[in-house]
Amino acid sequence: MPMYGDLGNKLVQNAKRTQNLAHLPPYQTELVRSVAREVRDLDRDVASLLEPFQESFDPAADQATACTLLVNHMSMRRNKRCLLAYHRTRTDKLEELVWNGSDLLDLAGQQTGGAGPTNGMNGPTDSSSSSSSLSPQEEDYVRQYGDLLAAYKGHWTDIDLTGSLEPPRDLFIDVRVLKDAGEIQTEYG
Amino acid sequence: MSYYDIDSILTDAEKIPCTFQLDVPELGYLDNSPGQTLKAGARVALPLWLAELLAITSTGSSDDQNKSYVAFDLPHALRNDVVQALKAEPLAVPLRDQSAHFYSLATHMMDLSEEPELSATLRKTFVRRAAEIALHARKLGGGTGKGDEGGSNLGVGGAGEEFLRGLDEWERRLFRKAHDGTRAGKEWMEKIKKN
Amino acid sequence: MDIDDILREVDPTFHEVPQEKRDLQDLTRAWVAERSAPELLSWPSDGLFERISDSIRRQIERIEEMTGDMDPKTNFALIVIQTELERFKFLVRSYLRARLSKIDRHALHYLSTDELRARLSDTEMAYASRHQALLHNHYLSSFLSSFPPALQNLNDTSGGIAMVDTPDLESAVFIRLLNDSLVMGRGVDTDDTSEFQEGDIVILRWSDAKSLVESGRAELV
Amino acid sequence: MALPLPPGLTQPEVAFLAEMELVTIVPRQRLESISLLGGQTPPLRPPHRAELPLWLALLLKKQRRANIVPPPWLHPASLSEIITRESKDNPDAFSSPPPPPSRAHPTEPGRARRLAESDANLSPPFQPSCTADAPAGYLPYHWLEVAEALLAHAGDDMPVAAGEVRSLLRDLVEVRAAKMRSSTSTLESFGGGLTSLRGVGAMELAESRGFVLGVVDGVRKLGASAEATRREEEEFGGGRDVSDDESDEDMGI
């Protein structure tokens, strides 16, 4: 018997794998929908459990109901956490790609060019005409974050914020060229 | 304990043996019997994210203020024979077989109930195994002495491989850090000679 | 020999450190500290980055002027200037990105109180608020808007685990003592207090190191 | 992710930092002062020595415009002395770092100027410890980076064959690596809150940082509940929960 939270766990396991991948695996549209649906179902259960009590529910007087309510509440929060962490893991990845200068076309093309689906979760629901591994919302996010980063970079145009994070080596190659031209100046040497 | 942290969320999914302290008609599904009442005394393995709050929330019962919805035991991964084995020979136990989030799970449990002896044993275990992890990481990362690996760069050998396979998530991260540190040091040394 | 040189010879304590040199030292320290601290440190309030940003701009202009000059002597100076410029650019870049990365990870935390907000520069504030808004929007449009209204917040602290992630201030760090100091460090079994000498390197929790670092008695390494 | 690097400087970053160390050069050519972002460079007038940051000294050296004077601690006699100290005299600890300026002898030539108040809080790489007047017998914080850079690019400026210095350095690296290892295996079985790594070098630290701090943090987390219990007990003296009334009585003792 699958229990509340099990589907959320699948999302998080997917996120765990995503962390270790260079590319972004397909967005789990169906799984996300199911987990969100579970939250709404639980919320309805809570409402119907509370209905007979009007506004005056006393947990100490009806401990069994209180316990069920607590379980439902925790399950909703658990699902919310799983959904947020799943999406956050992916936006982290997307932001990294934006920092590295990939654009939306690169990202969208990953799935067709890449190793294909990495697990069995992308059922027929994912097979819209475009085979992007990003959800439409994620595509929007990439655009918006790209704009945000560009705006921030604009304050620091001279230092090239997306430049290398490796400390600069000296300009030795240039120097060697210079040596040929500049070896003349030995007047004081 | 971070809300968005994937490992923390996965740790919270670990199952804890719990005993219900009251009848709950709606929760039969937790014990594979949907539609039936979950009876007081029923033993159910609940994920930590659920067990934790059920165990610390008071029922508000007038006859027993301390009574909570469930009582819990230490999870299977932390049972006594595992702890005894770790005490005897910390390197011989594949922690990952107990739980991929062994230490993380343990810290949760120790927050829930005081386990001073467990805490002391696990700290010793962790430090002892960390030293071993560093040793393997140096070998794989290409440490200072080149001669002592004996052939293959992956010269961990059977026992070593077995040990590394048994690392839990904390230890894997530690291994990666040690390995990266050694490798970056080596790369720097090689680079400086070229430039 | 100029007047400073003469003064320096007769009076060994005459040693006015030029602003540029001090700025380089401050920038370097700020970089090392930000790369090492588990939490976001304060944006320097003394105009350090405004000054550095200005001088980088001026240096780039100078390079453009010098590039036309084919005199080999100028040419070598140009190499030196460019090499140094790249070093400065790297320091500023790595510093800014170390900060952004911390701001990204704990945005809601750093936006939560006036005191924490004061650590960010104006540009960082604008970035952090906008980034957070983008994320919230993204969650809403992806799934969150279908939730019951009470569950749509991103800053709940009830029900088990707080949603606003915070940096772990108990993380261990390495510091170097800049003065002889008495240092207190909390541990699991015992809390230690020891006298350390200038130059000593010590491992302790950031929460115990912080006041030493902020008062200039120690620095992160 | 704006910065895909672990906390703390990486090895290339440490090497970059070490390139800010001042070294002493002997110019082979005149060079006028250059206005850099970090201040004016001194005008170079052969054969007068000058002090420059390592990155600039290396640039001049590669151009054969200058020779670099190796710091006294890099001389074979000094290295041998340090190796003896590290392996025999004090096998458990790193040897002492060079005395800080505030403790340096005020009459020692070449050091007095560093007593100037504005320099008081200087630390590596800005506290000169790799110049020609640095003391022999002490390894400065950036010893390995500076030594390797000089050997790689200014080997012919060494007082003896570079190979000899190199092999001494290798011995030293070995001796100290073993120390780093043993210090990390003892330091965390602790439950104490302070661990001194006096005399450790920047590169050594960078190599072990992630691991060492990972172990310390792990021990802290595994001990968190035990530590909380200890603190409660210490606060309440006996370990029993003391109500307000009782503590008032206690205060009257």
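Here is how names work: the chains are called A, B, and so on, in the same order as the sequence lines, proteins then strands, and each is numbered from 1.
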Verify the neighbour count for atom [atom1] of [X]: are there more than 12 heavy atoms of other residues, nucleotides or ligands below 6.0 Å?
{"X": "B:Phe163", "atom1": "CZ", "answer": "yes"}
{"X": "B:Glu114", "atom1": "CD", "answer": "no"}
{"X": "B:Lys124", "atom1": "NZ", "answer": "no"}
{"X": "B:Glu187", "atom1": "CD", "answer": "yes"}

Compare every heavy atom of [Y] with every heavy atom of [X], then report the nearest pair and how far apart it is.
{"X": "B:Ile192", "Y": "D:Ala152", "value": "O-CB, 3.7 Å"}
{"X": "D:Ala15", "Y": "B:Trp188", "value": "CB-NE1, 3.3 Å"}
{"X": "B:Lys177", "Y": "D:Gly210", "value": "CD-O, 3.2 Å"}
{"X": "D:Val215", "Y": "B:Val127", "value": "CG1-CG2, 4.5 Å"}
{"X": "B:Met110", "Y": "D:Leu222", "value": "CE-O, 3.4 Å"}

Interatomic spacing from CZ in D:Phe211 to CD1 in B:Ile133 - rounded to 0.5 Å
7.0 Å
How long is the gap from CG on B:Asp180 to CZ on D:Arg209, to the nearest 0.5 Å?
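Answer for the CG-CZ pair, B:Asp180 versus D:Arg209, is 14.0 Å.
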So among B:Asp111, B:Thr107, B:Leu118, which one has a side-chain contact (heavy atoms from CB on, under 4.5 Å) with D:Ser225?
B:Asp111
Between D:Glu207 and B:Ala184, is there a donor-acceptor pair closer than 3.5 Å when you use the side chain of the first and the backbone of the second?
no
Chain B heavy atoms under 4.5 Å from [X]: which part of the residue, side chain, backbone, both or neither?
{"X": "D:Leu144", "result": "both"}
{"X": "D:Ala149", "result": "both"}
{"X": "D:Glu204", "result": "neither"}
{"X": "D:Thr229", "result": "side chain"}

In terms of heavy-atom pairs under 4.5 Å with chain D, the winner among B:Pro116, B:Ser119, B:Ser104, B:Ala106 is B:Ser119
Check the pair B:Met189 / D:Glu148 against side-chain contact (heavy atoms from CB on, under 4.5 Å), numbers first and verdict last.
CA-CA 8 Å; B:Met189 276 288 203; D:Glu148 288 291 340; 3.6 Å; yes
Sub-4.5 Å side-chain heavy-atom contact between D:Lys221 and B:Tyr103:
no
